[in-house]
J.: 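Below is a structure I'd like to ask you about.
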Amino acid sequence: MTQATQFPAGDNPVKNMTDLVAEIARALVDDQDSVSVEAVEDGECTAIRLRVAASDVGKVIGKQGRTARSMRTILSAASMKLKHRFSLDIVEEDHPPAP
């Protein structure tokens, strides 16, 4: 019989998911330095906002939105395991916000 994996007390699942989205996005785009990810928590749901260079938005969305849908599927699967809902928003801006 298999046991459910437990996260160590110091692990932050929101940070893990934002790191995962950032790594996937960096693998897809040409301008890796322009990738930024932020998490906006709202109770039981966390919206993950992904920003990339304007020229790379199409690469992250994919043909007919297939790449974006795949990333959302990964987040959905992790949501069920973590019992916390995640959503992915791909923000189309010319310039990322200043830090």
Side-chain angles (χ1 to χ4, degrees):
M1 181 157 244
T2 58
Q3 292 181 342
T5 303
Q6 295 289 324
F7 289 100
D11 247 9
N12 182 352
V14 174
K15 181 177 179 343
N16 290 343
M17 290 299 108
T18 57
D19 290 346
L20 175 65
V21 170
E23 285 301 313
I24 292 171
R26 283 189 192 104
L28 295 170
V29 300
D30 292 330
D31 185 8
Q32 296 178 356
D33 295 331
S34 70
V35 174
S36 70
V37 179
E38 70 174 322
V40 179
E41 295 188 51
D42 182 26
E44 295 179 11
C45 182
T46 301
I48 297 177
R49 294 193 179 136
L50 171 64
R51 288 182 174 86
V52 296
S55 60
D56 288 329
V57 171
K59 293 179 179 98
V60 173
I61 294 174
K63 285 187 180 181
Q64 298 179 349
R66 289 183 183 154
T67 305
R69 191 172 334 132
S70 297
M71 291 173 68
R72 288 184 177 111
T73 301
I74 291 169
L75 286 176
S76 175
S79 295
M80 290 186 192
K81 182 172 181 134
L82 298 173
K83 296 183 174 108
H84 186 86
R85 172 173 269 165
F86 291 94
S87 63
L88 177 64
D89 298 329
I90 300 170
V91 182
E92 297 182 44
E93 293 181 358
D94 291 334
H95 305 287

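Quick caveat: nothing in here was measured; it's all calculated off a predicted structure.
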J.: Quick one: does Arg69's side chain have a donor or acceptor within less than 3.5 Å of a partner on Gly62's backbone?
T.: no
J.: Quick one: CZ on Arg26 to CG on Asp56, what's the gap to the nearest 0.5 Å?
T.: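 Arg26 atom CZ to Asp56 atom CG measures 12.5 Å (nearest 0.5 Å).
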J.: Using a 4.5 Å cut-off on heavy atoms from C-beta on, say whether the side chain of Val52 contacts that of Asp31.
T.: no
J.: How long is the span from the CG atom in Asn16 to the CG atom in Leu82, to the nearest 0.5 Å?
T.: 8.0 Å
J.: For the residue pair Thr18 and Ala39, what are the closest heavy atoms and their distance?
T.: CG2-CB, 3.7 Å
J.: Does Arg72 offer a backbone N or O that forms a donor-acceptor pair with the side chain of Ser76 under 3.5 Å?
T.: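 Not confirmed, Ser76 side chain does not pair with Arg72 backbone.
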J.: Using modelled atom types and a 3.5 Å cut-off, is there a donor and acceptor pairing between side-chain atoms of Ser79 and backbone atoms of His84?
T.: yes
J.: Any non-hydrogen side-chain atom of Met17 less than 4.5 Å from a side-chain atom of Ile48?
T.: yes
J.: Nearest 0.5 Å, please: how far is CZ in Phe86 from CD in Glu41?
T.: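 One gets 8.0 Å once the value is rounded to the nearest 0.5 Å.
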J.: So among Asp89, Val91, Val35, which one has a side chain to side chain contact (heavy atoms under 4.5 Å, CB included) with Leu50?
T.: Val35
J.: Any side-chain heavy atom of Lys15 sitting closer than 4.5 Å to one from Asp19?
T.: yes
J.: Would you check if the side chain of Glu38 reaches a backbone N or O of Arg49 as a donor-acceptor pair within less than 3.5 Å?
T.: no
J.: Roughly how far, to the nearest 0.5 Å, is the CD1 atom of Ile24 from the OG1 atom of Thr67?
T.: 10.5 Å
J.: Should the heavy atoms of other residues, nucleotides or ligands under 6.0 Å from CZ of Arg85 be counted, would the total exceed 12?
T.: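 Result for CZ/Arg85: open.
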J.: What are the two closest non-hydrogen atoms of Ala53 and Ser34, and how far apart are they?
T.: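 For Ala53 versus Ser34, the nearest heavy atoms are N-OG, 3.1 Å.
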J.: Which of these passes side chain to side chain contact (heavy atoms under 4.5 Å, CB included) with Met71: Val21, Ile90, Ile61?
T.: Val21
